[in-house]
Student: 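Pasting a structure below so you can have a look.
In each ligand, atom 1 is the first atom listed, and ligand 1 is the first ligand listed.
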Amino acid sequence: MNRFWSPIVQTLTPYVPGEQPKQTDLIKLNTNENPYPPSPRALQAMAAEAAESLRLYPDPNADRLKQAIADFHGVTPAQVFVGNGSDEVLAHTFLGLLKHDLPLLFPDISYSFYPVYSGLYEIDFVQVPLTEAFEIDPQDYQMANGGIIFPNPNAPTGRLLPLAAIETILQNNPDSVVVVDEAYIDFGGESAVALVDRYANLLVIQTLSKSRSLAGLRVGFAVGDEGLIEALERIKNSFNSYPLDRFAISGAVAAMEDRAYFSDTCQRVISTREQLAERLGELGFQVLPSAANFLFVRHPEQDGAELAARLREQSIIVRHFRQPRIDQFLRITVGTDEQSRLLLEALRQILA
Ligand SMILES: *Cc1c(COP(=O)(O)O)cnc(C)c1O
């Protein structure tokens with residue numbers, strides 16, 4: 001508390017990101033970064049931006065990037081919004097499309113930034129419990145609401161909701177904006193972008209942080225009906241005219257265009273995930289089905305927090321959430337095959 005703070009600041013409970021250790025010899029499986037480097041074409045494009053032209057502002061509308069995303073997804077640039085990480089896109093979405101008199105709905109176990117944005121923008125919300133199997137049940141999203149948001153695949157569970165179930169939610173809520181946060185969709189799911197031309201109330205948000213190995217660049221985007229996109233543009237142009245710098249625009253364009261590299265690295269992560277899930281199962285872990293670049297697991301005989309601490313002693317960091325229903329689980333990012341091998345070796349020692 002500080003007497004100079006605005007009243008709202010005193011009420012905030014900020015988001016706490018996963019640890020970004022200064023120590024570099026750790027096996028870092030805690031924040032769902034991609035183990036592979038960005039596309040070489042993206043790196044080259046960014047290197048070329050380190051030039052005299054940096055004295056000029058970037059394109060405030062990032063038109064080249066909107067075009068590249070539109071080309072990738074088969075939509076028009078007017079259906080695309082870009083921002084400084086999908087966290088910024090989400091922030092503008094909360095203020096511009098999800099703040100209404102009726103409460104916003106999202107799952108009880110979900111991305112922990114949602115309650116934080118709701119606090120910042122003073123949005124009333126209801127956390128809808130996932131089923132016993134940690135699934136989203138579309139029938140649970142029928143109550144009166146001012147908007148709906150959920151990640152797909154969900155985080156931190158990794159469970160995927162099929163497009164047919166998303167359509168059920170859209171059809172049951174024609175007067176609400178339904179936001180699908182697809183941070184992990186490229187690791188095995190089908191994108192709801194396929195539905196945006198049929199549902200004017202659907203907004204799909206994606207990021208280049210995970211499947212395109214660019215968490216350090218901070219680029220995210222939304223795809224939806226032009227009317228929804230216009231709301232986000234109005235917020236953005238009332239907040240920061242230049243959210244994407246010259247490096248981000250050029251690097252992101254090249255990353256979107258390098259489809260071969262993208263599908264190759266996604267495929268490698270998927271294959272490592274499937275093998276790791278099988279090996280963890282053999283060690284007695286319960287492993288939730290995952291369509292993401294992480295696994296959500298618990299061991300019936302090991303306390304979650306303690307297991308995370310014992311892994312940390314062996315220089316492996318994973319994510320543990322001190323939160324009802326999931327405090328016995330660990331969220332483990334899928335790394336390289338070699339990182340999986342080291343993780344399994346450490347777990348075998350701990351369990352012995
Ligand atoms: C990682 C993540 C984001 C944020 O991604 P950035 O683009 O890096 O801000 C958003 N939603 C979910 C569910 C995520 O896991």
Side-chain angles (χ1 to χ4, degrees), residues 14-20 28-35 38 42 62 65 69 80-94 98 104 106-118 120 127 130 134 136 148-161 166 178-189 191-192 203-223 232 236 240 243-245 247-249 251-252 255-256 262 266 269 273 288 290-296 318-319 321 323 326 329 331-334:
Y15 177 75
V16 184
E19 182 188 358
Q20 294 295 344
K28 193 172 176 310
L29 305 177
N30 69 328
T31 51
N32 298 342
E33 288 137 333
N34 199 304
L65 179 54
I69 292 165
V80 179
F81 177 81
V82 297
N84 185 247
S86 63
D87 283 341
E88 186 183 78
V89 178
L90 283 165
H92 293 344
T93 301
F94 271 67
L98 301 176
L104 171 65
F106 50 82
D108 63 337
I109 297 161
S110 183
Y111 188 34
S112 36
F113 228 129
Y114 301 161
V116 174
Y117 287 133
S118 298
L120 176 61
Q127 287 176 290
L130 295 179
F134 296 107
I136 291 172
I148 296 172
I149 184 167
F150 53 86
N152 194 43
N154 196 8
T157 65
R159 297 211 70 154
L160 181 74
L161 196 62
I166 292 176
V178 176
V179 180
V180 185
D181 179 355
E182 293 189 334
Y184 303 104
I185 197 69
D186 300 318
F187 299 108
S191 173
L203 189 76
V204 180
I205 298 182
Q206 294 194 359
T207 174
L208 276 71
S209 295
K210 278 92 182 212
S211 56
R212 288 186 176 80
S213 308
L214 286 168
L217 194 64
R218 313 304 303 129
V219 181
F221 61 89
V223 179
L232 301 179
K236 172 245 171 197
N240 178 1
L244 294 192
D245 62 44
F247 296 100
I249 293 170
M256 293 305 300
F262 163 71
C266 287
V269 170
R273 176 186 72 213
L288 294 193
S290 170
N293 68 339
F294 57 84
L295 292 170
F296 203 50
V318 299
R319 193 91 193 257
F321 298 89
Q323 199 183 306
I326 57 167
F329 280 84
R331 192 195 68 189
I332 304 175
T333 303
V334 175

Student: If you measure from each heavy atom of F113 to ligand 1, is any distance below 4.0 Å?
Tutor: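 No, that is not the case, since the closest heavy atom of the residue is not under 4.0 Å from the ligand.
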Student: Under 4.0 Å from a heavy atom of G85: which atoms of ligand 1 are those, numbered in the order shown and with their elements?
Tutor: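 With G85 as reference, the close atoms of ligand 1 come out as 7 (O), 9 (O).
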Student: Could you see which bit of S86 sits under 4.0 Å from ligand 1, with heavy atoms only: side chain, backbone, both or neither?
Tutor: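 Both backbone and side chain of S86 come within 4.0 Å of ligand 1.
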Student: Evaluate ring-ring contact (aromatic ring centres under 6.0 Å, His included) for Y117 paired with F106, printing each intermediate quantity in order.
Tutor: CA-CA 12 Å; Y117 287 133; F106 50 82; over 10 Å; no
Student: Hydrogens and angles aside, do K28 and T31 bring a side-chain donor and acceptor to less than 3.5 Å of each other?
Tutor: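 Short answer, yes.
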Student: Do R319 and F294 pass the side-chain contact (heavy atoms from CB on, under 4.5 Å) test, and can you show the C-alpha distance, the side-chain angles, and the key distance before you say yes or no?
Tutor: CA-CA 10 Å; R319 193 91 193 257; F294 57 84; over 6 Å; no
Student: Just let me know how R218 lines up against ligand 1, side chain, backbone, both or neither, with a heavy-atom cut-off below 4.0 Å.
Tutor: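 Side chain only.
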Student: Is there any N or O on Y184 that sits under 3.5 Å from an N or O of ligand 1?
Tutor: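 Yes, since at least one N or O of Y184 sits under 3.5 Å from an N or O of ligand 1.
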Student: Could you tell me whether the side chains of D87 and Y15 share a donor-acceptor contact shorter than 3.5 Å?
Tutor: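 No, no side-chain donor-acceptor contact under 3.5 Å.
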Student: Output yes when a side-chain donor or acceptor of N152 lies under 3.5 Å from a complementary backbone atom of L160, and no otherwise.
Tutor: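 Absent.
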Student: Please classify the D181 to ligand 1 contact at 4.0 Å (heavy-atom distances, strictly less than): side chain, backbone, both or neither.
Tutor: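 Near ligand 1, D181 shows its side chain, while the N, CA, C and O stay back.
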Student: Taking only heavy atoms of S209 into account, list the atoms of ligand 1 that are under 4.0 Å away from them.
Tutor: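 Numbered from 1, ligand 1 contributes 6 (P), 7 (O), 8 (O).
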Student: Can you find a non-hydrogen atom of K210 under 4.0 Å from ligand 1?
Tutor: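 It does, in that a heavy atom of K210 comes within the 4.0 Å cut-off of ligand 1.
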Student: Please evaluate residues R273 and L295 with respect to the criterion side-chain contact (heavy atoms from CB on, under 4.5 Å), reporting the C-alpha separation (whole Å), side-chain torsions for both, the decisive distance (0.1 Å), and the verdict.
Tutor: CA-CA 8 Å; R273 176 186 72 213; L295 292 170; 3.8 Å; yes
